[in-house]
2 protein chains.
Amino acid sequence: MEAPIVTGPRYEALLELLRAADAVWNASRAFFARWELSPSQFNVLNVLRDQPLGLNQTELSQTLVMHRSNLTGLVDQLESRGLVRRREAPGDRRSWRVVLTAEGHRLLRAILPPYFERIEAALAHLSLPRARRLATDLRRVRKQALNPNRPDPLSRA
Amino acid sequence: MEAPIVTGPRYEALLELLRAADAVWNASRAFFARWELSPSQFNVLNVLRDQPLGLNQTELSQTLVMHRSNLTGLVDQLESRGLVRRREAPGDRRSWRVVLTAEGHRLLRAILPPYFERIEAALAHLSLPRARRLATDLRRVRKQALNPNRPDPLSRA
DNA sequence: AACAGATTGTTGACACCTAAACAATCCACG
DNA sequence: CGTGGATTGTTTAGGTGTCAACAATCTGTT
């Protein structure tokens, strides 16, 4: 009784994927705490880095893959610290253009070098070709996860 | 001005890791919605599956890698649906032994086949050896993420 | 010009996780 | 015994995400 349930390497890989992402996310939370930033706050700053004209909050939410409503609070927090500013959007009175302030740029310049250094160190054990293959595999997993379209040929016709 | 910032394959892999995990998590949320279960609720049931004596909430929190305080609500929800029961723990009046009810077992038996089928389908494009390598790489990434101790032997002696 | 429908940012309700504090209970050591 | 220090589950507050609904605004069509 209690069928043993065979799991297999693919299931194993999926579990490891979730565990690894969780660990990485927590590590990054600890890393950014030094500057009293959450990972999401950092991501906002990082996305704005090479956007001299800024982005509106909907554009931000799309590149960060999160809901619009999230950006309200996120930008509020960063703005109250003077790292970011809401400018009026020329020609559209509904939206703002969110831009980095000089101080935001300064903070980002301080964070980025140790940030990339830390990432390189954490993945140092992966050769570059292997890192490339890892990225490729993960990209495929993501696309498949998003598309349950496959009418799964297994579901007995 | 604005140093170009070289990212590299390892950084790319890290980003894909986070994105893929997010996609998988969301897909699983959509998947379990059919039975009005959250992924976390499912995980509780799944962990209890092969535990005839049940687990207490601290043990559950350790295997699920989440805080104790979370289990209170999670078990409350499952118990109110009759999927799980809190039994008195023999010899320890502080804790409960959380066990699956017959109905919990029935629900799990209904969920597991399509669950594993779905996972296999989502990762079907990965050959088994490749899935194994993916799991290995992810395991290493997780361990490195948790241990920033390594003074990384590469950092120019 | 004017109206219908889309889009923007905000709000409020909810879910889920963390962390600190608490009472009840266990355990080890004198 | 009995007493001090751990452990268990709960509560509370806080962070971060989702989603639905809303007013303000834009856009396209007539």
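Residue numbers start from 1 in every chain, and the chains themselves are labelled A, B, ... in the order their sequence lines are given, proteins ahead of strands.
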Asker: Assess whether side chain to side chain contact (heavy atoms under 4.5 Å, CB included) is satisfied between Arg81(A) and Leu37(A), documenting all intermediate values.
Answerer: CA-CA 11 Å; Arg81(A) 287 179 58 179; Leu37(A) 283 177; 3.6 Å; yes
Asker: Which whole-number value in Å describes the distance from Glu88(B) CD to dT8(D) C1'?
Answerer: 15 Å
Asker: Rounded to the nearest angstrom, tell me the gap between atom CZ in Arg86(B) and atom C1' in dT8(D).
Answerer: 12 Å
Asker: If I take atom CZ in residue Arg93(B) and atom C1' in nucleotide dA23(C), what distance separates them, rounded to the nearest angstrom?
Answerer: 14 Å
Asker: Nearest-Å distance, CG (Asn56(B)) to C1' (dG9(D))?
Answerer: 10 Å
Asker: Side-chain heavy atoms under 4.5 angstrom apart, residues restricted to Ile, Leu, Val, Met, Phe, Trp, Tyr: same cluster for Trp35(B) and Leu74(B)?
Answerer: yes
Asker: Between N or O atoms, less than 3.5 Å apart, protein on one side and nucleotides 16-19 of chain D on the other: list the pairs.
Answerer:
from, atom 1, to, atom 2, distance (Å)
dT16(D), OP1, Ser38(A), OG, 3.3
dG17(D), OP1, Ser40(A), OG, 2.5
dG17(D), OP2, Ser40(A), OG, 3.2
dT18(D), OP2, His67(A), N, 2.7
dT18(D), OP2, Asn70(A), ND2, 2.8
dC19(D), N4, Ser69(A), OG, 2.7

Asker: Could you check how far CH2 of Trp96(B) sits from P of dC26(C), rounded to whole Å?
Answerer: 12 Å
Asker: Which is it for Glu103(B) and Arg85(B) under the salt bridge (Lys or Arg N to Asp or Glu O under 4.0 Å) test, yes or no, and what are the steps along the way?
Answerer: CA-CA 11 Å; Glu103(B) 185 156 350; Arg85(B) 240 189 64 201; over 6 Å; no
Asker: Mapping Gln57(B) and Arg94(B) onto DNA chain D by nearest heavy atom, which one lands closer to the 5' end?
Answerer: Arg94(B)
Asker: Set out, in order, the CA-CA distance, both residues' side-chain angles and the distance that settles side chain to side chain contact (heavy atoms under 4.5 Å, CB included) for Leu108(B) and Leu83(B), then state yes or no.
Answerer: CA-CA 9 Å; Leu108(B) 213 43; Leu83(B) 300 173; over 6 Å; no
Asker: Mind checking Ser95(B) for me? I need base, sugar-phosphate or nothing, with any heavy atom below 4.0 Å counting as a touch.
Answerer: sugar-phosphate
Asker: Give one of base, sugar-phosphate or nothing for Thr72(B), where a contact means two heavy atoms less than 4.0 Å apart.
Answerer: base
Asker: Atom CZ of Arg87(B) to atom P of dT8(D): distance rounded to whole Å?
Answerer: 20 Å
Asker: Which residue is it: Gln62(A), Arg86(A), Arg97(A)? I am looking for the one with a side-chain hydrogen bond (donor to acceptor under 3.5 Å, both in side chains) to Gln57(A).
Answerer: Arg86(A)
Asker: Asp92(B) CG to dA6(D) P: how many Å, rounded?
Answerer: 17 Å
Asker: Ring-plane angle category for Phe32(A) and Phe42(A), please: parallel below 30°, perpendicular beyond 60°, tilted otherwise.
Answerer: parallel
Asker: Measure from CG on Leu71(B) to C1' on dT10(D) and round the result to the nearest Å.
Answerer: 12 Å
Asker: Taking the side chain as every heavy atom from C-beta outward, state whether Val99(A) and Leu48(A) have any pair of such atoms under 4.5 Å apart.
Answerer: no
